[in-house]
Amino acid sequence: MAKLGVNVDHVAAVRQARLGKEPDPVVAAILAEIGGADGIVVHLREDRRHIQERDLRLLREIVKGHLNLEMAAEESVVNIALDVKPDTVTLVPERRNELTTEGGLNVAANLDTLEPVVHALHDVGIIVSFFVDPEPAQIKAAARLLADRVEIHTGHYADTEDQATALHSIQAAATLAERLNLGVSAGHGLNYRNVGPIVRIREITELNIGHSIIAHALFVGIEQAVRQMRVLTR
Ligand code: PXP
């Protein structure tokens, strides 16, 4: 059974559309936990397009399960992470003009810049995960930097017509990661229809899902939307 981390960025995106106070992603997080989420995920982007520092600090206070902060390996946000101390930091690539995180982090090409970030986060007891495409070189690079986990990018699996080939790459990456003593998560583009085959990959112990749950929550409420995903991820 995989743990479920619910990403509440999209609740903050609706709030930021009016630069107001509601809906509050902190309330969404409370309801997601009541609905059975094992953890809450937020991405503090450099452009602050959805989650704000205030959200992160409040979430640190109220989340009962696991708090996972997605972020770029940029000094200003690393300093915030060192201060707030989420349970996990997931390092992701970030491009200003992208609609959402478009690909995995190129860990293999950035070993020198990422190494001190991993050390700094480890020094204050934060679990470090790298969001990577299902490529052996990236998994090996994550292990080389002594990351604790990798999160395998499932965006291609979610988009392609050739799911079988995509699943094969994800399975191979998960097998390699486990062999290298990395915990394995997966996320991006997962929804109520496509999550099943990912849940059946034994090595994947955590799924991080945002858009599909928050979209469904518009119609059934967050607790119910999380509960329905929980049934599928058991
Ligand atoms: N995992 C990571 C690293 C992400 O960047 C995102 C998107 O913020 C997700 C999971 C969730 O993706 P989605 O919103 O498509 O479920």
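Values in this document were obtained by computation on a predicted structure and should not be read as measured data. First listed ligand is number 1; within each ligand, the first listed atom is number 1. What's counted below: heavy atoms across the whole structure, side chains too, no hydrogens, waters or symmetry copies.
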Could you please spell out the steps behind the side chain to side chain contact (heavy atoms under 4.5 Å, CB included) verdict for Glu178 and Thr175? CA-CA 5 Å; Glu178 190 185 74; Thr175 304; over 6 Å; no

Does this structure show an ion pair linking Asp9 with Arg45, if we count only N-O contacts that are shorter than 4.0 Å? no

Below 3.5 angstrom, do we get any N/O pair linking Gly210 and ligand 1? yes

Quick one: which of Glu151, His211, His153 has a heavy atom closest to atom 1 (N) of ligand 1? Glu151

Give the numbers and elements of all ligand 1 atoms closer than 4.0 Å to a heavy atom of Asn7. 8 (O)

Does ligand 1 have an atom under 4.0 Å from some heavy atom of His43? no

Once side-chain contact (heavy atoms from CB on, under 4.5 Å) is applied, do any residues pair with Asp87, and if so which ones, sequence neighbours excluded? Arg60, His66, Leu67

With heavy-atom distances below 4.0 Å as the criterion, list the atoms of ligand 1 near Val92. 3 (C)

N/O donor-acceptor pair under 3.5 Å between Glu151 side chain and Arg149 backbone: no

Do the side chain of Glu94 and the main chain of Glu46 share a donor and acceptor less than 3.5 angstrom apart? yes

Test your reading of the model: is there a side-chain donor-acceptor pair from Ser212 to the backbone of Leu190, 3.5 Å cut-off? yes

Polar proximity ligand 1 side, Ser212 side, N/O cut 3.5 Å exclusive: no

Pairs of nitrogen or oxygen atoms closer than 3.5 Å, one from Phe131 and one from ligand 1: do any exist? no

